[in-house]
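Step one of this worksheet: look at the structure below.
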Amino acid sequence: MPEKIDYDSKIPNNVGLADDRRLQRALEGWQPKFLNWWAEMGPTLETQGVYLRTAVSVGRDGWAHFDHVNVPDYRWGIFLAERDPDRRIAFGQHKGEPVWQQVPGEYRADLQRLIVIQGDTEPASVEQQKLLGLTAPSLYDLRNLFQVNVEEGRHLWAMVYLLHAYFGREGREEAEALLHRNSGSPDSPRILGAFNEETADWLAFYMFTYFTDRDGKYQLGTLKESAFDPLSRTCEFMLKEEAHHMFVGTTGIDRVVQRSAELIREHDTMDIAPHGGIPLDIVQRYLNFHYSVSLDLFGSETSTNAANYYTAGLKGRWMETRRKDDHRLTDDAAELPRPREDGTWETEELQKILLLNLDLRTEYIDDCQSGVKRWNRILEDAGISFRFALPHPGFNRQVGINSGHHITPDGTIVDERTWREGRKHWLPTSEDLAFVRSLMRPVYERGKIASWVAPPRQGINGKPFDYEYVYL
């Protein structure tokens, strides 16, 4: 497989698409449907050119090229990481065997389902962020939004390629369905709940790219371990692009907290709403919501499906090859905290293989803590005593063993009345949402930025903050 990407083809790729005329014709038939979806469901704001990163090769060095691109003309394509001819299956009952280049018949349905679920998340986030360009706080932020959007579009292409190339007629039908479902649609919503939530303001966008795209990182990381090598190589390349999405979220929240801290010090009050800043308690409530919704994406803590995927070699653990165990898990045990009806917690010991979703969620939670430490360091450096915190994993859950319980951010199990009374302190209220949206006025002038967020410390690809990242 060539490392360099062929941009002379109608569909840019490094998978030798020209050598498979049937597949090429099928994907070229899907391409205009994708472009129609983008025109209808993609970014509302029209631009004349955006300073975008485009992949030119999949190797470790020099894989990205920067230039102004008219977004509807962006060259979406199919890129797989380089193939390791010696790669072996690292876990499950097939451990040690060569990885698969074709789909084994007995795992066909399960692999297709995994690819469809992953594929469904990619266009969903574009749909959720459709209107954000109309309220961008700076040209720098607007550019980052479009970069995230076009890469989510390419990640959709990645999954559609696999469906077309390896799953026949059913795969082609599923690829069509990925464009027919829409985020928040009452008739045909996206598969996972978090991708039907509204992303109506830029604080929500930063939270989404920090928390929900970070879930994407961990899901892609488990699929990167797959014994099905084309899926593994696809996800390995997608992870390169996903890193920028999380950077947008991490530094975006950094900049909100930085600006709020500046206004608190300037006006000597935590009530900075009258001064055009976002109060820290509102930021915490946004954090609580997006974190808890993202935890639902990991599924139920106990899962026979996840155990079966692992045993079959379809989906591994985060950093599977670095784990110091037998990579089969049939004899290992782990503990699961479980809420009881009497309002106390108990710990249940179960086979580790049944708790793979919990294992992945634990890795994710540890990673999320790094952002909280960053934001608290900003407050500490500013001499502000307020501290952010991740809520308890049982808080505000709709999926898993905690979903039938009312659990506060500190992990206390309460009755429904207490929950209703406390909810306004823990999750964004309609007043919070209205206030944040009232701040969302676009700033399209070079070098200028909205009053509620600090400018970035550095620009993109060595360019200054006042560079003309977007032509309007």
Side-chain angles (χ1 to χ4, degrees), residues 34-52 69-72 74 120-156 178-190 192-213 216 244-245 248-249 252-253 255-256 278 282 286 289-290 293-294 428-445 448-453 469-472:
F34 167 82
L35 293 174
N36 287 339
W37 166 83
W38 181 271
E40 181 181 355
M41 302 302 296
T44 297
L45 181 68
E46 293 185 7
T47 61
Q48 301 302 313
V50 181
Y51 189 66
L52 294 176
V69 178
N70 190 25
V71 175
Y74 187 83
D120 193 71
T121 68
E122 311 297 351
S125 59
V126 177
E127 294 164 352
Q128 289 172 297
Q129 297 156 16
K130 175 180 175 67
L131 301 176
L132 285 178
L134 301 175
T135 57
S138 71
L139 291 182
Y140 166 89
D141 288 285
L142 183 58
R143 177 262 166 212
N144 283 344
L145 169 68
F146 282 122
Q147 184 71 59
V148 169
N149 287 166
V150 296
E151 289 178 351
E152 299 292 15
R154 203 206 61 73
H155 295 176
L156 171 61
L178 289 172
L179 298 178
H180 292 157
R181 288 187 291 271
N182 294 138
S183 177
S185 166
D187 301 317
S188 54
R190 292 296 174 183
L192 301 177
F195 292 91
N196 290 300
E197 298 286 349
E198 190 178 21
T199 306
D201 62 67
W202 279 77
L203 180 56
F205 174 63
Y206 296 147
M207 292 289 176
F208 183 96
T209 47
Y210 185 82
F211 288 109
T212 308
D213 278 325
H244 177 262
H245 307 182
V248 170
I253 301 173
R255 293 160 49 217
V256 172
I278 302 178
I282 292 182
Y286 267 67
F289 173 77
H290 286 273
V293 167
S294 298
T429 64
S430 57
E431 291 79 13
D432 291 339
L433 297 173
F435 168 72
V436 173
R437 289 175 194 178
S438 75
L439 298 177
M440 300 295 121
R441 292 185 286 272
V443 178
Y444 297 144
E445 188 178 348
K448 302 295 185 182
I449 194 165
S451 63
W452 54 270
V453 61
Y469 288 104
V470 182
Y471 301 147
L472 293 171

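Residue Val293 comes nearest to Ala194 through the heavy atom pair CG1-CB, 3.3 Å, listed as atom of the first residue, atom of the second, then distance. Closest approach of Gly133 and Leu142 over heavy atoms only: CA-CD1, 3.7 Å. When every heavy atom of Phe208 is checked against every heavy atom of His290, the shortest pair comes out as N-ND1, 4.1 Å. Here the closest heavy-atom approach between residue Tyr469 and residue Tyr140 is recorded as CD1-CA, 3.9 Å. The two residues Val470 and Arg143 come nearest to each other via the heavy atoms CG2-N, 3.8 Å. Scanning all heavy atoms of the two residues, the minimum distance from Val443 to Ile449 falls at CG1-N, 3.7 Å.
A side-chain donor from one of Asp201 and Tyr286 sits under 3.5 Å from a side-chain acceptor of the other.
At distances below 3.5 Å, not a single donor-acceptor pair connects side-chain atoms of Thr212 with backbone N or O atoms of Thr209. For Arg441 (side chain) and Pro137 (main-chain N/O), no donor-acceptor pair under 3.5 Å exists by modelled atom type.
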> Taking it one step at a time, do Ser183 and Gln128 satisfy side-chain contact (heavy atoms from CB on, under 4.5 Å)?
Replying inline: CA-CA 6 Å; Ser183 177; Gln128 289 172 297; 3.2 Å; yes
>> Pair Met207, Ile253 - check side-chain contact (heavy atoms from CB on, under 4.5 Å), show working.
In response: CA-CA 7 Å; Met207 292 289 176; Ile253 301 173; 3.6 Å; yes
>> Working note: Asp141 + Arg255, criterion side-chain contact (heavy atoms from CB on, under 4.5 Å); need CA distance, chi angles, decisive distance, verdict.
In response: CA-CA 11 Å; Asp141 288 285; Arg255 293 160 49 217; 2.8 Å; yes
> Taking it one step at a time, do His245 and Glu151 satisfy side-chain hydrogen bond (donor to acceptor under 3.5 Å, both in side chains)?
Replying inline: CA-CA 9 Å; His245 307 182; Glu151 289 178 351; 2.8 Å; yes
>> Apply side-chain contact (heavy atoms from CB on, under 4.5 Å) to residues Tyr74 and Val50 and explain how you reach the verdict.
In response: CA-CA 10 Å; Tyr74 187 83; Val50 181; over 6 Å; no
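Counting only heavy atoms from C-beta outward, the side chains of Leu192 and Asp120 never approach each other to under 4.5 Å. Residues Leu145 and Phe205 have side chains in contact (heavy-atom distance under 4.5 Å, counting atoms from C-beta outward).
Remark: His180 NE2 to Ser185 OG distance equals 12.0 Å, nearest 0.5 Å. Separation of atoms CG (Asn144) and NE2 (His244) is listed at 4.5 Å; rounding is to 0.5 Å. Expressed to the nearest 0.5 Å, how far CZ of Phe146 lies from CG of Leu132 amounts to 10.0 Å. Remark: Leu203 CG to Ile278 CD1 distance equals 4.5 Å, nearest 0.5 Å. Expressed to the nearest 0.5 Å, how far CG of Leu472 lies from CD of Gln48 amounts to 8.0 Å. Atoms CZ and CG, from Arg181 and Asn196 in turn, are 10.5 Å apart once rounded to the nearest 0.5 Å.
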Side-chain polar contacts of residues 34-47 - donor-acceptor pairs under 3.5 angstrom, sequence neighbours left out - could you list them?
from: Asn36; atom 1: ND2; to: Pro32; atom 2: O; distance (Å): 3.3
from: Trp37; atom 1: NE1; to: Glu127; atom 2: OE2; distance (Å): 2.9
from: Thr44; atom 1: OG1; to: Lys130; atom 2: O; distance (Å): 3.4

